[in-house]
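All heavy atoms count here, side chains included; hydrogens, waters and symmetry mates do not. Count residues from 1 along the sequence.
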Amino acid sequence: MGNAMTYQAVLLGAAAMLAACDNGRAATEPGRQLNGETDPSAPAYQRTLETRNDVEIVRATGDITDGVARYRALFSKLNPNVAGEQDTSGRREINWDGVPATFTNNDLFPGNFFNVNSPRGALFTTPGSAFRISNNGYTDVNAAYAGEFNTFSPPKLFVARGSTIIDVTFAVAGSGTPARVNGFGSVFADVGRAHSTTIEYFDAAGNSLLKIAAPRASDEKGLSFLGAKFTSPIVARVRITAGDTPIDATATDNVKGAGQKHDIVATDDFIYGEPRAIR
């Protein structure tokens with residue numbers, strides 16, 4: 001991937017991998033290998049691929065283009081935005097930019113938009129109050145956000161209101177038939193604190209399969225990517241925790257200054273496997 005360095009590790013079990021991902025610094029710090037040792041030659045951009053017997057994990061920070069491409073390549077192709085179960089080896093994507101003005105820069109975005117309006121089999125809920133799509137980096141919510149949130153695919157971003165949690169469930173696109181996927185990944189804007197931003201994967205019974213942390217932003221662009229792909233479609237729900245503080249007119253991002261720390265994070269592209277009916 002150009003002059004970007006690649007670090008690869010094979011972890012022998014879920015417990016070992018979760019320890020590396022969520023207890024050690026290796027999961028979130030750019031420039032660190034999975035054994036926690038600093039690699040002095042690592043550039044600002046880092047892409048990592050971790051594997052175990054049933055899952056591959058891709059992380060990227062800095063110029064995340066190659067990391068996103070690596071994750072996309074784990075699927076055979078991009079499926080069209082149409083109803084019905086498409087190529088089961090393929091993927092679906094959401095980049096928010098086709099969301100109409102009716103649902104942009106307000107708290108009106110419906111959680112079923114990408115199953116009903118644009119059938120891609122993804123449904124969103126939150127313990128917060130609403131969802132918000134923005135084409136101005138949320139500066140209409142708080143002018144202090146100017147320059148805070150950059151995009152991977154401009155101009156729109158996605159957050160929950162009143163919470164940092166976004167729950168994603170899946171259906172056969174355009175239907176009410178519950179489905180599972182074999183992977184899910186997200187682009188994040190402005191991850192500033194280790195372990196503030198995570199994706200947790202659940203099976204149909206509600207059991208946690210995996211929880212992984214996004215790497216901190218490593219350059220002024222401020223983008224990170226995190227995704228996992230399983231060998232079979234076992235993921236029925238994904239919980240995204242984007243930062244530790246939701247956007248608000250009175251909330252500002254503060255990860256280094258004096259006082260209480262706040263990490264406000266937005267999401268950009270979602271990439272996930274073709275939703276397949278639970279049979």
Once rounded to the nearest 0.5 Å, what's the spacing between atom [atom1] of [X] and atom [atom2] of [Y]?
X	Y	atom1	atom2	result
Ser186	Asp268	OG	CG	8.0 Å
Arg239	Thr126	CZ	OG1	8.5 Å
Asp219	Asp63	CG	CG	8.0 Å
His195	Asp263	NE2	CG	12.5 Å
Tyr71	Leu226	OH	CG	9.0 Å
Ile133	Phe103	CD1	CZ	10.5 Å

Does Val99 form a side-chain contact (heavy atoms from CB on, under 4.5 Å) with Phe113? I'd like the steps, not just the answer. CA-CA 9 Å; Val99 174; Phe113 183 91; 4.2 Å; yes

Quick check: do [X] and [Y] have side-chain heavy atoms less than 4.5 Å from each other?
X	Y	answer
Pro275	Val181	yes
Arg59	Ile212	yes
Ile165	Ile240	no
Thr104	Trp96	no
Asp244	Arg193	yes
Pro246	Val159	no
Val265	Thr164	no
Asn142	Ile247	no

Applying a strict under-4.5 Å side-chain criterion to I, L, V, M, F, W and Y, I'd like to know whether [X] and [Y] cluster together.
X	Y	result
Val55	Phe170	yes
Ile57	Phe270	yes
Leu210	Phe184	yes
Val141	Ile166	no
Val238	Leu123	no

Check: [Y] main-chain N/O paired with [X] side-chain donor or acceptor under 3.5 Å:
X	Y	value
Thr61	Ser218	yes
Ser76	Ser89	yes
Tyr138	Arg132	yes
Asp203	Ala236	no

If I compare all heavy atoms of [X] with all of [Y], which pair ends up nearest, and what's the gap?
X	Y	result
Pro155	Thr151	O-CG2, 3.7 Å
Asn150	Leu223	O-CD2, 3.6 Å
Ala277	Glu85	N-OE1, 3.1 Å
Ala83	Pro119	N-CG, 3.6 Å
Pro215	Ser224	O-OG, 2.7 Å
Asn136	Ser134	OD1-OG, 2.9 Å

Evaluate the ring planes of [X] and [Y], with Trp represented by its six-membered ring, and classify them as parallel (under 30°), tilted (30 to 60°) or perpendicular (over 60°).
X	Y	value
Phe124	Phe158	tilted
Phe114	Phe109	tilted
Phe149	Tyr145	perpendicular

Applying side-chain contact (heavy atoms from CB on, under 4.5 Å), run through Asp190 and Ile264 and close with a yes or a no. CA-CA 7 Å; Asp190 202 38; Ile264 302 175; 5.7 Å; no

Pair Tyr201-Phe230, ring-ring contact (aromatic ring centres under 6.0 Å, His included): steps then yes or no: CA-CA 10 Å; Tyr201 303 80; Phe230 295 78; 5.7 Å; yes

Please determine if Lys156 and Asp97 form a salt bridge, counting it only when a charged side-chain N lies under 4.0 Å from a carboxylate O. no

When you look at Leu209 and Val235, which way does the side-chain contact (heavy atoms from CB on, under 4.5 Å) test go after all the steps? CA-CA 8 Å; Leu209 300 167; Val235 179; 4.1 Å; yes

Side chains of Ser153 and Asp269: donor-acceptor distance under 3.5 Å anywhere?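 Indeed, the side chains of Ser153 and Asp269 share at least one donor-acceptor pair under 3.5 Å.
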
Thr250 and Asp248: side chain donor to acceptor below 3.5 Å: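 Judged by distance alone, the side chains do pair up.
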
Does the pair Lys221 and Ile64 meet the rule for a side-chain contact (heavy atoms from CB on, under 4.5 Å), with working shown? CA-CA 10 Å; Lys221 185 73 172 175; Ile64 66 171; over 6 Å; no

Testing Arg180, Arg91, Arg120, Arg92 one by one against Glu274 for a salt bridge (Lys or Arg N to Asp or Glu O under 4.0 Å), which residue passes? Arg92

